[in-house]
Student: 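What follows is a single structure, and I will ask about it in a moment.
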Amino acid sequence: MTQVATATRELILANLEAVRGRIREACRRAGRSPDEVELLLVTKTVPPERIRVAIEAGERLVGENKAQEALAKYAELKDLPAEWHFIGHLQTNKVKDVLTFTSMIQSVDRIRLVEKLDQHLQRLGRSLDILIQVNTSYEESKFGVAPEETLAFVRQVARYDTLNIKGLMTIGKLSADPEDARRCFRLLRQLRDRIAEEGIPRVRMDILSMGMSGDLEVAIEEGSTMVRVGTAVFGPRPQPDSHYWSERAKAR
Ligand SMILES: *Cc1c(COP(=O)(O)O)cnc(C)c1O
């Protein structure tokens, strides 16, 4: 495997320390224990040798957005004790591939996908942990279930006993004003509380996956239990995020 230059390695390690520090500080300010907030490294476009640096530095959770890219990297890194989450828009024809490496799909947002997952999981004789992705910003460009449809969707998905619902995921509104993202995160937490109250059999609401490089502090203040961080650890990406998040990205 390609070696990582010493300077690159040191930069990743320093960035990682800085992000861990931000999480600790945000938890302290919010009166929460840092143990309540997990860090998921978002590794889209990041070459495997750089991901290896972060995992060897003690990180455990990795999130990828695209099936083919993730498969190739997993093949190079499967010797490491990491958990691979899928966090991107998942096309039904990629389900089979994604199930070969993922331990959690965070982006479940439509019943067609649920049916496909169930078919494959039944065949494999196993179950899978999932999060329901909610479009809390109401932006057309983002995937996810509409907030007002989330409870009904959770009830529907709960009928498939191959799928273990563990919580909710969202992408906050990207804006110069972090208060815009706060509204999204607060809404996700309120939905979580509301759904948890229903006591739907087999449905857990322990995980609130929200907060990224630019807004993780706000997300932690609003109750995040898992922040998903890419650029703050690995540096800027060549592609804009619309490449991963927009409806048009489906065609690629
Ligand atoms: C890219 C991405 C992130 C991380 O974004 P950064 O701003 O680089 O931290 C988090 N969640 C999802 C779903 C993403 O696609």
Side-chain angles (χ1 to χ4, degrees), residues 19-20 22-24 26-27 30 32-43 59-65 70 82-90 98-99 101-110 113-114 117 121 126-137 142-145 147 149-151 153-158 160-172 181-182 184-213 215-230:
V19 167
R20 289 168 177 161
R22 283 173 63 189
I23 294 171
R24 274 196 307 274
C27 285
R32 302 182 58 196
S33 159
D35 300 340
E36 292 173 27
V37 183
E38 291 189 289
L39 171 59
L40 177 102
L41 298 172
V42 177
T43 51
E59 292 305 323
R60 186 177 57 87
L61 304 178
V62 175
E64 283 280 341
N65 292 60
E83 243 183 62
W84 293 67
H85 291 210
F86 194 82
I87 61 173
H89 177 69
L90 181 52
V98 167
L99 287 177
F101 66 85
T102 196
S103 55
M104 182 183 284
I105 296 179
Q106 298 203 2
S107 45
V108 173
D109 64 353
R110 60 203 194 282
L113 174 60
V114 167
L117 284 168
L121 288 163
R126 56 176 277 222
S127 64
L128 179 76
D129 292 349
I130 60 165
L131 304 181
I132 305 300
Q133 182 174 356
V134 184
N135 185 356
T136 53
S137 64
K142 296 222 183 99
F143 300 109
V145 184
E149 287 161 16
T150 305
L151 174 58
F153 185 69
V154 166
R155 284 192 196 286
Q156 220 180 343
V157 179
Y160 294 79
D161 56 14
T162 52
L163 298 170
N164 313 315
I165 302 179
K166 297 289 184 187
L168 305 176
M169 182 273 250
T170 201
I171 300 171
R182 186 185 302 280
C184 298
F185 299 148
R186 189 165 291 169
L187 176 56
L188 198 72
R189 188 193 55 200
Q190 288 165 345
L191 282 170
R192 191 268 317 263
D193 294 346
R194 171 84 184 79
I195 294 166
E197 265 171 29
E198 296 287 315
I200 304 165
R202 298 192 335 98
V203 172
R204 310 282 316 211
M205 281 285 133
D206 301 327
I207 300 179
L208 270 187
S209 172
M210 59 189 196
M212 316 195 308
S213 293
D215 53 23
L216 68 88
E217 283 86 358
V218 180
I220 289 171
E221 284 166 23
E222 295 300 328
S224 173
T225 70
M226 187 184 288
V227 291
R228 307 179 308 269
V229 178

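In what follows, residues are counted from 1 in the order of the sequence shown.
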Student: Please report the closest heavy-atom contact between A181 and D215, naming both atoms and the distance.
Tutor: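 Between these two residues, the closest heavy atoms are CB-OD2, 3.9 Å.
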Student: Any idea which heavy atoms bring V227 and M210 closest together, and the distance?
Tutor: CG1-O, 3.5 Å
Student: For residues L40 and S209, determine if any side-chain heavy atom of one lies less than 4.5 Å from a side-chain heavy atom of the other.
Tutor: no
Student: Keeping the roles fixed (side chain from S213, backbone from V229), state whether a donor-acceptor pair exists under 3.5 Å.
Tutor: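 Side chain of S213 to backbone of V229: no pair is present.
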Student: Can you find a pair of side-chain heavy atoms, one from I200 and one from L151, that are under 4.5 Å apart?
Tutor: yes
Student: Quick one: CZ on R22 to CD1 on I220, what's the gap to the nearest 0.5 Å?
Tutor: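 R22 atom CZ to I220 atom CD1 measures 8.5 Å (nearest 0.5 Å).
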Student: Quick one: list whatever passes side-chain hydrogen bond (donor to acceptor under 3.5 Å, both in side chains) with Q133, sequence neighbours left out.
Tutor: none
Student: Which distance, rounded to the nearest 0.5 Å, do you find between the CD1 of I132 and the CG of L188?
Tutor: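 Answer for the CD1-CG pair, I132 versus L188, is 11.0 Å.
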Student: What distance separates I195 CD1 from F153 CZ, expressed to the nearest 0.5 Å?
Tutor: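 Spacing of CD1 (I195) from CZ (F153) equals 11.0 Å.
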Student: Please examine the side chains of L131 and M104, heavy atoms only from C-beta on, and report whether any two atoms are closer than 4.5 Å.
Tutor: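 The answer is yes, as the side chains (C-beta and beyond) meet within the 4.5 Å cut-off.
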Student: Is the shortest side-chain heavy-atom distance between T225 and D206 below 4.5 Å?
Tutor: no
Student: To check you understand the geometry: which heavy-atom pair defines the closest contact between E83 and S103, and what is its length?
Tutor: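 In terms of heavy atoms, the two residues are closest at CG-OG, 3.3 Å.
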Student: Output yes when a side-chain donor or acceptor of D193 lies under 3.5 Å from a complementary backbone atom of Q190, and no otherwise.
Tutor: no
Student: Show your working on side chain to side chain contact (heavy atoms under 4.5 Å, CB included) between L39 and L61 and close with a plain yes or no.
Tutor: CA-CA 7 Å; L39 171 59; L61 304 178; over 6 Å; no
Student: Atom CE of M205 and atom CD of E198: how far apart are they, to the nearest 0.5 Å?
Tutor: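 Separation between the atoms: 11.0 Å.
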Student: Taking the side chain as C-beta and beyond, is there a heavy-atom pair between L90 and D109 under 4.5 Å?
Tutor: no
Student: Just so I know, are the side chains of R194 and T150 near enough to count as touching, which here means a heavy-atom distance under 4.5 Å?
Tutor: no
Student: Kindly give the heavy-atom pair with the smallest separation between Q106 and M226, and that separation in Å.
Tutor: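 Nearest heavy atoms, Q106 then M226: NE2-SD, 3.3 Å.
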Student: Does the side chain of L208 come within less than 4.5 Å of F185's, by heavy atoms?
Tutor: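 No, every pair of side-chain atoms sits at 4.5 Å or beyond.
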Student: For T43 and E64, does a side-chain donor sit closer than 3.5 Å to a side-chain acceptor?
Tutor: yes
Student: Taking R189 for the side chain and A219 for the main chain, is one N or O donor matched with an acceptor at less than 3.5 Å?
Tutor: no
Student: Distance-only, no hydrogens or angles: does the R32 side chain make a donor-acceptor pair with backbone N or O of S224 under 3.5 Å?
Tutor: yes
Student: Restricting to ring-ring contact (aromatic ring centres under 6.0 Å, His included), what partner residues turn up for F101, sequence neighbours left out?
Tutor: Y74
Student: As an exercise, state the distance from CD of E221 to CZ of R186, rounded to the nearest 0.5 Å.
Tutor: 9.5 Å
Student: If I compare all heavy atoms of S107 with all of G88, which pair ends up nearest, and what's the gap?
Tutor: OG-O, 2.6 Å
Student: Per the side chain to side chain contact (heavy atoms under 4.5 Å, CB included) rule, which among V134, T170, V145, V154 passes with L191?
Tutor: V134
Student: Should we count CZ of R202 as having more than 12 external heavy atoms under 6.0 Å?
Tutor: yes
Student: Report the C-alpha distance between I130 and V114 in whole Å, list the side-chain angles of each, state the deciding distance to 0.1 Å, and finish with yes or no for side chain to side chain contact (heavy atoms under 4.5 Å, CB included).
Tutor: CA-CA 10 Å; I130 60 165; V114 167; 5.7 Å; no
Student: Just how far is it from atom CG of N65 to atom NE2 of H89, taken to the nearest 0.5 Å?
Tutor: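 NE2 of H89 is found 11.5 Å from CG of N65.
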Student: Please find the pair of heavy atoms, one from P201 and one from A158, that lie closest to each other, and give the distance.
Tutor: O-CB, 4.3 Å
Student: Is E149 close to Q156 at the side-chain level, that is, under 4.5 Å between some pair of heavy atoms?
Tutor: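 In short, these two side chains do not touch, never coming nearer than 4.5 Å.
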Student: Pair T162, L117 - check side chain to side chain contact (heavy atoms under 4.5 Å, CB included), show working.
Tutor: CA-CA 8 Å; T162 52; L117 284 168; over 6 Å; no
Student: Applying side chain to side chain contact (heavy atoms under 4.5 Å, CB included) to I171 and R228, what does each step give before you reach the verdict?
Tutor: CA-CA 10 Å; I171 300 171; R228 307 179 308 269; 3.7 Å; yes
